[in-house]
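Notes follow the structure.
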Amino acid sequence: MEPSNQKSLERVVSQTAMKMGNSFPCQICVLGFFCGICLTTLSLAALTSFGTFVFGGISFSTFSNGIANLNSSSDTINMVTQGDCNRKPKEIERIMYSEENVDRKFDERVSILYSAWSSLLNKPFNGEGVGPSRSNVPKAPHFENCELSAKVNKRLDNCVENSSFPPWTLWKGFLDDYPLSATDEQLKFYRHQAISEVAYPPWIAGSDEENYPYTRKVQRDIWLHQHPPNCSDPSVRFLVADWERLPGFGIGAQIAGMCGLLAIAINEKRVLVTNYYNRADHDECKGTTRSSWSCYFFPETSHKCRNRAFLTWGKPWSYLQPTTDINGTLIASHRKMDQRWWRAQAVRYLMRFQTEYTCNLLNVARHAAFGWEAAEMVLATPIKEWPEDATDVPRSDIEQFVWSNHKPWMHRPMLSMHVRMGDKACEMKVVEFQEYMRLSDRIRKRFPYLNRIWLSTEMQEVIDKSRSYPHWKFYYTNVTRQVGNTTMATYEASLGRATSTNYPLVNFLMASEADFFIGALGSTWCFLIDGMRNTGGKVMAGYLSVNKDRFW
């Protein structure tokens, strides 16, 4: 009876179990149990297939190996993976493999686009040979059309007919060239009135509150002084000056000296005319621009211009805004305030318009620094594939006349830093790179989205030390730098005339465009960068200096 009773009990339990299994809540529980096992197995298999990967700078390779060992030792998981769930990890592997192919294809396209842009910089791109034609290459957002910009700037540096000013209007960029119909006479009249009455130089960015006092007015008056209506008039007198070229004078000292000569010319009511500029005496400065300032920037005077009575400006340096920080304190005034203000105005005028040559130098520098990231950004934007579906789309009016006024793309925000060391120790207190980075971190605490630095320096040790700050991304020009205590004159001679002039000017202009700046007021070069920024709409960005000017 006992065996019979046992079998009866088993039948009862089995029937009960079947009834429970047929019930909906139980089905849910059982289904959930097996799905849980499947999902767990899939997760473990996926993690194992990843191998070593990094997230937030932390390697997970050890964690993945631990999961693999657990998988091999678990009978339950092994049993389930041999069933219907076994094909799931393979599907995930196929998806992952497909995503890897997509990423690889995207990287290949980025490489092709970067190379195409490089070709545009190095030589005319006529579409012959391998690769896409010039018209089918997507626009490089970090490039400027240098030839077109030079033509526009030339027009903005010469007076229009029956006017004392060039076409400086509220119509920015290329809009002034927009063709007007015969019925647009009223618009033509208002444009002419704007030129005659409220014209201000277009090379000034920002309002009066965003620059040194009277910047727009002073720049207009300097231009008028330097462009008399008739250079043959006996009443017009000149001050002809060569740029200082003694070996001990760096490029910053040369520019500072010319700022002083411009001041003398204005005080004596003479037009400043610069002569031989030794740093432009190289083969890359072509034709009449060789040995001339006009190789890099527009000339300081012209034979086709108008005159206006010379105006004085009072003492605007007496109420400069205190925006320079030294040791955590704003410097409100010092005994060189007038020189600081005037140098800023003079260097802004002398560098008001870049030549096509200088514009191309900046394109090359931006491409080397930002080109790859720009290619990724451009290729992530359009719907169509490139270069497979490359088509030549004509530019619309808004692209040609309105959007073309936008400056070339660069990362924002950007901090520029000039670290002056080497033989400068004989003139000022030299500060180690660590102090510059301390000030950088101080800015970043206020602006946590700032993580990129444009670094200019003559010292290789500074470039090497920058690798010790992985939480910052550094950009710098690819040029041979000093090792040891080589003098600046010897160092520049080793680079050659073209390189020793080109790369400092590129760094100077990039610093003037950056959102923030850290330097040393004891350095003339930093002093000039600060002036360029304070007449370019950057005065309220402030300036953090690692030391005081040596004359304060």
Side-chain angles (χ1 to χ4, degrees), residues 113-127 131 133-135 137-157 173-174 202-203 251 255 277-299 350-375 378 395 400 403-411 414 416 454 456 475-480 495-514 529 532 536:
L113 181 55
Y114 180 86
S115 299
W117 285 343
S118 299
S119 299
L120 293 178
L121 285 174
N122 298 330
K123 59 184 178 181
F125 207 61
N126 55 15
S133 66
R134 181 189 186 104
S135 60
V137 177
K139 175 178 171 58
H142 56 307
F143 284 3
E144 184 175 0
N145 187 329
C146 297
E147 181 180 1
L148 184 58
S149 293
K151 291 180 180 179
V152 171
N153 292 339
K154 184 176 181 179
R155 186 164 183 262
L156 295 175
D157 206 47
F174 302 93
W203 58 86
I251 186 171
I255 296 174
Y277 182 49
N278 64 325
R279 293 179 176 274
D281 190 4
H282 56 78
D283 294 337
E284 294 183 19
C285 291
K286 307 296 183 182
T288 58
T289 68
R290 175 150 189 165
S291 307
S292 172
W293 178 254
S294 60
C295 175
Y296 293 97
F297 301 95
F298 273 33
L350 291 171
M351 294 184 176
R352 66 192 183 280
F353 288 134
Q354 302 159 15
T355 62
E356 185 176 348
Y357 176 67
T358 302
C359 176
N360 284 323
L361 291 177
L362 286 168
N363 275 347
V364 171
R366 281 191 296 264
H367 186 54
F370 314 130
W372 190 269
E373 293 162 288
V378 167
R395 291 191 303 168
Q400 183 175 355
W403 292 347
S404 56
N405 186 53
H406 287 241
K407 292 184 177 180
W409 174 81
M410 62 180 288
H411 278 290
M414 178 74 71
S416 180
W454 184 276
S456 65
Y475 303 91
Y476 43 83
T477 51
N478 184 19
V479 65
T480 303
L495 294 179
R497 182 153 288 172
T499 301
S500 65
T501 305
N502 292 352
Y503 100 87
L505 285 176
V506 165
N507 284 315
F508 184 95
L509 295 172
M510 290 298 291
S512 67
E513 288 294 327
I529 290 174
M532 194 72 167

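In this text, all values refer to a predicted model and were calculated from it rather than measured experimentally.
- Between atom CH2 of residue W293 and atom CZ of residue R279 there is a gap of 10.5 Å, rounded to the nearest 0.5 Å.
- Residues I529 and A511 approach most closely at CG2-CB, 3.8 Å, considering heavy atoms.
- W203 is linked by a side chain to side chain donor-acceptor pair (under 3.5 Å) to Q219, counting only residues two or more places apart in sequence or in another chain.
- Atom OG of S294 and atom CZ of F353 lie 15.0 Å apart (nearest 0.5 Å).
- Between L361 and L505, the closest side-chain pair of non-hydrogen atoms is not below 4.5 Å.
- Annotation for E373 and A369: closest pair OE1-O, 3.7 Å, computed over non-hydrogen atoms.
- For the side-chain hydrogen bond (donor to acceptor under 3.5 Å, both in side chains) with Y296, the qualifying choice from T355, N502, T501, T358 is N502, the only one to do so.
- Side-chain contact check for C295 versus Y357: some heavy-atom pair is nearer than 4.5 Å.
- In terms of the side-chain contact (heavy atoms from CB on, under 4.5 Å) criterion, residue partners of N507 (sequence neighbours excluded) are, by chain and number, W454, S456, T477, Y503.
- Looking at S119, its side chain does come within 3.5 Å of a backbone N or O of S115 through a donor-acceptor pair.
- Distance alone, capped at 3.5 Å, is enough to place a donor-acceptor pair between the S512 side chain and the L509 backbone.
- Two residues are said to be in side-chain contact when any heavy atoms from C-beta on lie closer than 4.5 Å; S291 and N278 fail this criterion.
- At a threshold of 4.5 Å between non-hydrogen side-chain atoms, the residues R366 and P408 count as touching.
- Under the 4.5 Å side-chain criterion, counting only non-hydrogen atoms from C-beta, L362 is not in contact with E144.
- You'll find the side chain of F298 stays beyond 4.5 Å of the side chain of M351, heavy atoms only.
- A donor-acceptor pair under 3.5 Å links the side-chain atoms of T289 to the main chain of K286, judged by distance alone.
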Intermediate values then yes/no, side-chain contact (heavy atoms from CB on, under 4.5 Å), M414 and E513: CA-CA 9 Å; M414 178 74 71; E513 288 294 327; over 6 Å; no
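- Taking each heavy atom of C146 and N363 in turn, the nearest pair found is SG-ND2, 3.3 Å.
- In this structure H367 satisfies the ring-ring contact (aromatic ring centres under 6.0 Å, His included) test together with Y114, H142, F143, sequence neighbours excluded.
- Note that the CE atom of M410 and the OH atom of Y475 stand 9.0 Å from one another [nearest 0.5 Å].
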message: The test is side-chain contact (heavy atoms from CB on, under 4.5 Å); show your working for V378 and W117 and say whether it passes.
response: CA-CA 12 Å; V378 167; W117 285 343; 3.9 Å; yes
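- Taken to the nearest 0.5 Å, the OG atom of S500 stands 8.0 Å off from the NE2 atom of H282.
- With a 4.5 Å cut-off on side-chain heavy atoms, V364 and N360 do not count as touching.
- Using a 4.0 Å cut-off between charged nitrogen and carboxylate oxygen, E356 and K151 do not count as a salt-bridge pair.
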- request: Given salt bridge (charged side-chain N to carboxylate O under 4.0 Å, His left out), test R290 with E284 step by step and report yes or no.
  value: CA-CA 8 Å; R290 175 150 189 165; E284 294 183 19; over 6 Å; no
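- The closest side-chain heavy-atom distance from L350 to F297 is not below 4.5 Å.
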